[in-house]
S.K.: 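First, the structure itself, so that you have it in front of you.
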Amino acid sequence: MAAEIKIKNLSTGYQSIITNGRHTIVGDEPIKNKGTGLGLAPTELVLAGLAMCKVATVRYIARTKGWDIRDIDAELKQEVKRGENRTISTHVQVSIVIEGDITNLQRQELLDQSNKCYLHRMLEGCWDIEPAKDLTETQMMK
């Protein structure tokens with residue numbers, strides 16, 4: 001699945017206007033990092049994507065199986081540790097509450113499926129991120 005994000009960084013704090021061409025959100029850094037705190041920080045955007053993928057997977061599986069669920073609430077907490085040679089290890093704690101008329105076995109299946117959501121598998125997989133290159137404004141508008 002291909003995705004494309006465009007971002008325009010503003011001169012106020014670290015505010016960024018982030019768009020996929022259809023929807024727009026604001027990113028920023030917290031005030032303690034000299035941002036304005038008016039948008040989600042980059043790490044929060046990653047966690048938000050993971051949380052959304054997990055709850056959407058739970059909803060999809062429940063609908064597919066005809067299970068009666070209502071609200072799904074998730075809470076993700078991240079702890080980052082910096083190691084030698086600029087390495088970073090990240091631990092994410094995930095809690096999901098599923099409201100509905102389902103058995104404990106069905107609830108466990110939904111939680112197991114949330115751990116197989118696309119973004120979860122993508123984040124655990126292999127990444128090949130090209131180095132940033134300088135683009136002129138005309139190249140970015142294409």
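We're numbering straight along the sequence, starting at 1.
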S.K.: When you look at V26 and I17, which way does the side-chain contact (heavy atoms from CB on, under 4.5 Å) test go after all the steps?
M.R.: CA-CA 5 Å; V26 175; I17 306 302; 4.2 Å; yes

S.K.: List the steps, then state whether side-chain contact (heavy atoms from CB on, under 4.5 Å) holds for K65 with E109.
M.R.: CA-CA 11 Å; K65 295 186 177 266; E109 181 175 344; 3.0 Å; yes

S.K.: Any link between L10 and Y14 through a network of hydrophobic side chains (Ile, Leu, Val, Met, Phe, Trp, Tyr) touching at under 4.5 Å?
M.R.: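 No, it is not one cluster - the side chains of L10 and Y14 are not joined through contacts under 4.5 Å.
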
S.K.: I need the E29 CD to E44 CD distance, nearest 0.5 Å.
M.R.: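 Atom-to-atom, E29:CD and E44:CD are 8.5 Å apart.
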
S.K.: Looking at L40, is its backbone amide N or carbonyl O close enough to the side chain of D28 to form a donor-acceptor pair, meaning the two atoms are under 3.5 Å apart?
M.R.: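 Checked: no pair found.
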
S.K.: Tell me whether L111 is reachable from L47 by hopping between hydrophobic residues (I, L, V, M, F, W, Y) whose side-chain heavy atoms are closer than 4.5 Å.
M.R.: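 In one cluster: yes.
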
S.K.: Kindly give the heavy-atom pair with the smallest separation between Q106 and W67, and that separation in Å.
M.R.: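 The pair with the smallest heavy-atom distance is NE2-NE1, 3.0 Å.
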
S.K.: Using side-chain contact (heavy atoms from CB on, under 4.5 Å) as the criterion, point out the one residue from T19, N20, T24 that pairs with R22.
M.R.: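 Exactly one candidate clears the test, N20.
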
S.K.: Decide whether Y60 and I102 are clustered together by the hydrophobic rule: side chain heavy atoms of Ile, Leu, Val, Met, Phe, Trp, Tyr closer than 4.5 Å, transitively.
M.R.: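 The answer is yes; both residues are in one hydrophobic cluster.
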
S.K.: Following the transitive rule for hydrophobic clusters with a side-chain heavy-atom cut-off under 4.5 Å over Ile, Leu, Val, Met, Phe, Trp and Tyr, establish whether I5 and I25 coincide in one cluster.
M.R.: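 Yes, I5 and I25 fall within the same hydrophobic cluster.
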
S.K.: Measuring from K116:NZ to K54:NZ, what's the distance to the nearest 0.5 Å?
M.R.: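 One finds 11.5 Å between NZ of K116 and NZ of K54.
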
S.K.: Could you pull out every donor-acceptor pair under 3.5 Å between side chains of residues 69-98 and any protein atom, sequence neighbours left out?
M.R.:
| residue | atom | partner | partner atom | Å |
| --- | --- | --- | --- | --- |
| E75 | OE2 | K77 | NZ | 3.3 |
| T87 | OG1 | E84 | O | 2.9 |

S.K.: For the CG atom of L119 and the CD atom of E124, what is their distance to the nearest 0.5 Å?
M.R.: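 Going from CG on L119 over to CD on E124, the span is 10.5 Å.
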
S.K.: Answer yes if the side chains of T36 and Q15 hold a donor-acceptor pair under 3.5 Å, and no otherwise.
M.R.: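 The answer is yes; a qualifying pair exists.
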
S.K.: Got a second to check how far Y118's OH is from T57's OG1, nearest 0.5 Å?
M.R.: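 Interatomic distance, Y118 OH to T57 OG1, rounded to 0.5 Å: 12.0 Å.
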
S.K.: Would you kindly say whether N104 and Q108 are connected by a side-chain donor-acceptor distance under 3.5 Å?
M.R.: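 Absent: no donor and acceptor within the cut-off.
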
S.K.: Decide side-chain contact (heavy atoms from CB on, under 4.5 Å) for L50 and H120; before the verdict, give the C-alpha distance in whole Å, the side-chain angles of both, and the deciding distance to 0.1 Å.
M.R.: CA-CA 6 Å; L50 180 59; H120 186 127; 4.0 Å; yes

S.K.: Could you list the cluster mates of I31? Members are the ILVMFWY residues connected by side-chain heavy atoms closer than 4.5 Å, either directly or through other members.
M.R.: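 When side chains under 4.5 Å apart are linked, I31 ends up in no cluster with other residues.
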
S.K.: More than 12 heavy atoms of other residues, nucleotides or ligands under 6.0 Å from CE of M122: yes or no?
M.R.: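 Buried by this count: over 12 neighbours within 6.0 Å.
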
